[in-house]
Structures are given as structure tokens and as C-alpha cells.
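Read the numbers this way: they start at 1 and go in the same order the structure lists the ligands and their atoms.
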Amino acid sequence: MKTLTLQPISHVSGTVHLPGSKSISNRVLLLAALAKGTTTIRNLLDSDDIRHMLTALSQLGVSYQLNADKTECTLQGLAGFFSSQQPQTLFLGNAGTAMRPLTAALAASDVTAHLTGEPRMYERPIGHLVDALQQWQADIDYELQDGFPPLTIRGKALQGGLARVNGSISSQFLTALLMVAPMLDGDSEIEIIGDLVSKPYIDITLALIARFGVQVENIDYQRFKIRGKQCYQSPGSILVEGDASSASYFLAAAAIRGGTIKVTGIGKHAVQGDIHFADALAEMGADVEWGDDYISVTRNQLHGIDKDFNAIPDAAMTIATTALFAQGPTCIRNVYNWRVKETDRLAAMATELKKVGAAVEEGHDYLRITPPSQLQHASIATYDDHRMAMCFSLVALSETAVTIEDPDCTAKTFPNYFTLFQSLSD
Ligand SMILES: O=C(O)C1=C[C@@H](OP(=O)(O)O)[C@@H](O)[C@H](O)C1
Ligand SMILES: C=C(OP(=O)(O)O)C(=O)O
């Protein structure tokens, strides 16, 4: 297995132009495909998750052109759902932002599709979404295990109506329903059962739906009313914000060993909830400056915090390794759904943090991390989880080297992460 050893880094500074947001890239691609008109998407992310969406769209008859570095895409919308005479087998890797919204879109399309993916995708739940779509009379079967991909979808026109969806495991199920509801034959109402997790991702969905000309009535994130028989309208051109989750590693590096690091492509008006990772860093003691198109962080003495991170589960992983450099313990709360992401992130994080010397208490939905007086060298298993690899790069900002196993797993969202990370040290 390939490994990467990062030698101790004593100082970091510089500016990072962020690659496009994964969450926005995949939403915009799907909305542009369903919309009327041609959309030019700029600052599109080029990574595995986006490649899976692009390949699926192409199989479903969508035409697009990519520029040489695949960060600009001009896509001709279908002005409606997909249709295909031939059954299609779509391989979606481990991309939740492709699997979940495409499940909903295909259920309402004139297509028979098999949705497949990597082995881990078959362990990531999708039952709550399928249950909700079945209330709209969708025809979906589980091919292996109830509640999990792979799926067989026999798409057909759907009327809409009332769908009740469990929101307590993933917000992506609600995102998927919201994206297709305006194009169904009748009006819809989506009601949330349980506590909705990862709420800011719904704000991204609603903001992008609005950019494509459709308004949704949001009643306290409990009930959503959507008029049917609408068609998305292309906004012509759309710029993808920088990826706020990817920004977290650089901002944390500055807080630990800056200097100052500035990330551009996101700022105080960004739609992604993960920009509030910078607020958590500020709570830990870092100096944070917000601009219209940048966030910059400068080192200061860090101390542990005890905080509910349900709204920003991805960036919260970066707090877990930042905690190694803080005074006192840090508690990351209300992140049960870490267990159903690229790996069981609560278990993986606890195991690997212990290897570098931290004392860790792993709860059902929380992690309490007490940093050691001195970090020790370890070979970090990354569980095919891009964020495990990226988070643990921060250990090198100590007097100790760190070895990252399978560093190429960052390809899911950030193929050149380690090159950029190493370019910030001097
Ligand atoms: O909608 C999205 O773009 C995402 C929602 C979040 O998932 P959950 O809603 O499953 O927490 C997040 O972890 C994921 O990386 C991207
Ligand atoms: C949970 C993640 O991905 P996905 O979009 O596959 O859910 C992630 O990127 O951390």
C-alpha cells in the first residue's frame, strides 16, 4: 500500500484558492441537466464524486463540454426528467451527493436504472429516502439488502403529494426529494419525521433551487410545500463557491502553526454551513478575519471546546485533530451520523487519535479528546475516507512526523490536497 510520510512542519502561511464545493458542484450539475436552457458552470470541482455524477448524466443522455482542467462545464439541459429506451447501470462510487439525488430523479424519469457503487456505498443507508419516494408511488427495489444500495429503479411519472421522510440520519434524503418535487405532475408536501440533521445543507439545496427559478415554502425545516408541474430555468452561468469543508484543513493549519493562511472562493456570505468551522476555530482561540471572498486565520493559543457539531459534520472532523494542539479536552457532540459516512468515523477517529497518543472517549454520538503532552509518530489508517487522510495531515504541525496510509483516497473530493498542503510550509 502506498504511504506518505509528512515530516514535522514548524510554520505555515500563504493563500489557497479553493477548489469548487463538492455539494454545490453535484447539485448544480443535476439541476442544470433537468433545467431548460444551457448552463455554464465555473469553478466546478474535479474529483471522483463529481466524475461519477458527470458519467451518470452522460449515460442518461445529457450533453456537456468540459474545459481542459475540467473546472468549467457547459451543459445542455433536458427541460425535464431523463428518458432512455435502454436500462442503464450507473456506478456512483461512494458519492452520497450523486446516489441520493439521482435515486429521486430516476424514480420520476422514463428510465430503468441499476444504481451501484463501491462496497462502502452498500453499507450506507438509503431506506428513509426510498420509503419517502414510495409514498409518491415510486417503483424501487433493493438488489441486495433492504435499506441499502444497490437499487433497481423502474422510473415513471409521479404525482407527488404528501411524503414523510425521516431526517435523523442524513439531510441528503430531503435534498433529493426537494430537487425533484417541483417537476412532478402534482403539488407536494414533504414532512420531516425526527430531528433533521446537517440542516445547513438544506439551505444550499434551497438556494440553488432558487437560482434555477423555483421557490419552495420552508415551514421551520419541518414541512416543505412545493408547487408541481414546474421546470427549472437555467441561470445561464453559475460560479461554484470554494469548498468550505476543504478549507477547514488549511484554516486549522494556520490556527496551529501560522502565520496566516487565507483561503479564497468563500467568504462571509457563502451559502455553505461549513464556513462556520472558522467560528469554532475562533472559539478555540484562533484569530479569524472574514472578507467577502476570503477567510483568513492566524495562530493564537488554542484551548479545547465542548460543542454541538451536528450542523457541520464534515468540517467537525478537522476539529478532532486540531484538538491535539489545544490546551485541555475537546468534546465534539451530536455527530451520530459520522458512523454512516465513508467509514464509521467515530470509531476510526478514536482509533487513530489514540495511536498518536491522545486519550479518547468514544460515545454513541460524541468524541472527547484529551491531547497528550507530546504527540508520537504513527502510521495512520485512512479507511478509504478522504477526510481521515486530510485531517491527520495536521499531526505533522508538531515535532513529530506522521505517516498517512493510502493518501490517494483524497481523490473523492480533493485530488491534489497533499501537494497544496505541503506548499504552505517553509
Ligand atoms: O448534501 C450534501 O451535500 C452533504 C450533506 C452531508 O451529509 P448528511 O446530510 O448525510 O450529514 C455531508 O456530510 C456530505 O458530505 C454532503
Ligand atoms: C460524507 C461525505 O460524503 P458524501 O457526499 O458521500 O455523503 C463527505 O464528503 O464527508
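With hydrogens and angles ignored, the 3.5 Å screen pairs no side-chain donor or acceptor of Arg100 with any backbone N or O of Gln172.
Heavy-atom contacts of Arg27 reach the following atoms of ligand 1: 1 (O), 2 (C), 3 (O) (cutoff under 4.0 Å). For ligand 1, the atoms closer than 4.0 angstrom to any heavy atom of Ser198 are 8 (P), 9 (O), 11 (O).
Judged purely by distance below 3.5 Å, without hydrogens or angles, the side chains of Tyr249 and Arg387 pair a donor atom with an acceptor atom. No donor-acceptor contact under 3.5 angstrom links the side chains of His114 and Gln88, judged on distance only. Inspection of the Gln272 and Ser23 side chains reveals no N or O donor paired with an N or O acceptor under 3.5 Å. A side-chain donor-acceptor contact under 3.5 Å links Tyr221 and Asp203. When only modelled atom types and interatomic distance are considered, Arg27 and Thr205 share a side-chain donor-acceptor pair under 3.5 Å.
In Ser171, the parts holding a heavy atom less than 4.0 Å from any atom of ligand 1 are both the side chain and the backbone. Counting heavy atoms under 4.0 Å from ligand 1, residue Val197 does not touch it at all.
With respect to atom 8 (P) of ligand 1, the closest heavy atom belonging to the protein is Lys341 NZ, 3.2 Å. Closest to atom 15 (O) of ligand 1, if we only count protein heavy atoms, is Asp314 OD2, 2.5 Å. Looking at atom 10 (O) of ligand 1, its nearest protein heavy atom turns out to be Ser170 OG, 2.6 Å. Nearest protein neighbour of atom 16 (C) of ligand 1, counting heavy atoms only, is Gln172 NE2, 3.4 Å.
When each of Thr97, Ile50, Asp49, Asp48 is tested with Thr413 by the rule side chain to side chain contact (heavy atoms under 4.5 Å, CB included), just one qualifies, namely Asp49.
For Thr175, the heavy-atom gap to ligand 1 stays at 4.0 angstrom or more. At least one heavy atom of Thr97 sits less than 4.0 Å from an atom of ligand 1.
Note: no N/O pair closer than 3.5 Å links Arg387 and ligand 1 by distance alone.
Side-chain contact between Val360 and Arg368: absent, with no pair of heavy atoms (C-beta onward) separated by less than 4.5 Å.
The aromatic ring centroids of His364 and Tyr336 lie less than 6.0 Å from each other.
Residues lining ligand 2 at a heavy-atom distance below 4.0 Å are given as Lys22, Asn94, Ala95, Gly96, Thr97, Arg124, Gln172, Asp314, Lys341, Glu342, Arg345, His386, Arg387, Lys412, ordered by chain and residue number.
Judged by a 6.0 Å distance limit and a 45° cone about the ring axis, Lys36 is not positioned over the six-membered ring of Tyr232.
The aromatic rings of His52 and Phe91 sit perpendicular, their planes meeting at an angle over 60°, well past the 30° parallel limit.
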